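These numbers were taken from a predicted model, which means no experiment stands behind them. All chains are named by letter (A, B, ...) in the order of the sequence lines, taking the proteins before the strands, and each is independently numbered beginning at 1.
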Number of protein chains: 2
Amino acid sequence: MAINRKMDFQADEIALADFAKAISHPARIAILKILAQHKSCICGEIVEGLPLAQATVSQHLKELKAIGLIKGTIEGKTSCYCIDWGVFNQFVAHFGIFADLSKNASCQSQSCC
Amino acid sequence: MAINRKMDFQADEIALADFAKAISHPARIAILKILAQHKSCICGEIVEGLPLAQATVSQHLKELKAIGLIKGTIEGKTSCYCIDWGVFNQFVAHFGIFADLSKNASCQSQSCC
DNA sequence: ATTTTATATCGCAAATATACGATGAATTGT
DNA sequence: ACAATTCATCGTATATTTGCGATATAAAAT
């Protein structure tokens with residue numbers, strides 16, 4: 001692999017790709033779903049709902065936290081996680097880039113597509 | 001890695017993760033943007049817009065095609081690509097799962113988050 | 001028929017991601 | 001103080017992704 005080609009892409013392309021990568025694993029989607037279904041933070045319980053070892057779940061949580069999709073604090077014995085909806089909705093809104101373009105762009109060629 | 005833990009996750013979780021994985025690289029986001037900006041199919045031109053070798057771009061196109069996000073036909077000497085907006089919008093709509101939940105779910109704990 | 005052009009595919013190397021047991025750190029309960 | 005609990009981190013094995021040169025394929029141009 002060449003040395004960091006990322007610089008050649010635009011910032012918004014990288015940002016959207018990073019968001020997509022953060023949720024590109026079923027476990028992380030499942031974690032977000034579990035968190036979304038709770039009105040308040042979850043302190044534990046996540047590991048039990050997933051078919052993965054505690055260490056692995058902790059690693060997935062770390063990734064979601066790294067990109068800012070979830071917030072978490074350590075409260076005494078347990079940790080406490082919840083979704084940062086501001087960040088989440090901001091990322092989803094980025095798909096608007098395509099939604100806007102889709103109005104004008106449609107393939108008019110009969111021979112292909 | 002264990003042997004295909006995917007079976008332990010739900011179908012919609014896997015589907016959303018697969019979509020995210022397909023667009024989890026700046027090059028593939030860039031390709032979609034290029035395609036979206038055109039009213040009709042693009043026959044070539046994509047390689048020139050990216051900082052990658054032709055073989056690499058072809059591989060990224062293949063991935064986008066595999067998940068159905070883009071359609072492509074070979075027309076004589078050149079290939080012809082365009083976005084399948086139906087598939088694209090269908091995937092984006094999946095984020096509705098979270099949007100619905102976000103209305104009820106918000107952290108009420110003062111101590112965390 | 002041969003060359004040129006456009007794109008796909010193969011094969012390999014390097015980089016990343018994933019999973020998990022073992023261990024560490026901090027806290028609660030006794 | 002000590003044991004139990006909860007979660008993070010380390011180390012490591014394996015799998016997947018990425019990138020690209022080389023090569024294949026197929027049509028167009030000469």
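- Not one side-chain nitrogen or oxygen of B/His60 sits closer than 4.0 Å to the OP1 or OP2 atom of D/dT17.
- For the helix from C/dA1-D/dT30 to C/dT30-D/dA1, the axis fitted to the five pairs at one end and the axis fitted to the five pairs at the other end meet at an angle of 10° (nearest 10 degrees).
- Rounding to whole angstrom units, NE2 of residue A/His25 and P of D/dA15 are separated by 14 Å.
- Summarising the geometry, the separation between CZ on B/Phe9 and C1' on C/dT18 is reported as 11 Å, rounded to the nearest angstrom.
- Rounded to an integer number of Å, the gap from CD1 of A/Ile23 to P of C/dA17 is 15 Å.
- The side chain of A/Ser58 contributes an N or O atom lying less than 4.0 Å from OP1 or OP2 of D/dA8.
- A donor-acceptor contact shorter than 3.5 Å is absent between the side chain of B/Arg28 and the backbone of B/Leu64.
- Between A/Trp85 and A/Phe88, the ring-plane angle classifies as perpendicular under the 30° and 60° cut-offs.
- The separation between B/Leu50 atom CG and D/dC20 atom C1' is 15 Å, rounded to whole Å.
- B/Ile29 is listed as a side-chain neighbour of A/Phe98, based on a closest heavy-atom distance under 4.5 Å.
- Checked against D/dC7, D/dA22, C/dT18, the side chain of B/Ala55 finds its nearest nucleotide in D/dA22.
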Taking only distance into account, with no hydrogens and no angle test, what donor-acceptor pairs under 3.5 Å do side-chain atoms of residues 50-58 of chain A form with protein atoms, sequence neighbours excluded?
none

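- Atom CG of A/Leu64 is separated from atom C1' of D/dA8 by 15 Å (rounded to the nearest Å).
- Donor-acceptor pairing under 3.5 Å, judged by distance alone, is present between the side chain of A/Gln59 and the base of C/dC20.
- Between B/Phe19 and B/Phe91, the two ring planes are parallel [angle under 30°; tilted spans 30° to 60°].
- Heavy-atom minimum distance, B/Ile83 versus B/Leu32: CD1-O, 3.3 Å.
- Atom CD1 in B/Ile70 sits roughly 13 Å away from atom P in C/dT7 (whole-Å rounding).
- Ranking D/dT9, D/dC20, D/dC7 by closeness to the A/Ser79 side chain, first place goes to D/dC7.
- In this model, the phosphate group of C/dA17 is not approached by any side-chain N or O of B/Lys21 to a distance below 4.0 Å at OP1 or OP2.
- A close approach under 4.0 Å does not occur between any side-chain nitrogen or oxygen of B/Tyr81 and OP1 or OP2 of C/dA6.
- Residue contacts shown for B/Glu45 are absent, as no nucleic acid heavy atom lies under 4.0 Å away.
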- Message: Apply side chain to side chain contact (heavy atoms under 4.5 Å, CB included) to residues A/Gln10 and B/Lys33 and explain how you reach the verdict.
- Response: CA-CA 11 Å; A/Gln10 293 180 352; B/Lys33 270 176 67 179; 3.1 Å; yes
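- Nucleotide D/dT17 holds its P atom 12 Å from the NZ atom of B/Lys62, rounded to whole Å.
- C/dT7 atom P lies 10 Å from atom CG of B/Leu61, rounded to whole Å.
- Side-chain proximity of A/Leu52 to the nucleotides D/dT18, C/dT9, C/dA19 is greatest for C/dA19.
- Taking side-chain N and O atoms only, A/Thr56 has a distance below 4.0 Å to OP1 or OP2 of C/dC20.
- Across all non-hydrogen atoms, the minimal contact from B/Lys65 to B/Tyr81 is CD-CE2, 4.0 Å.
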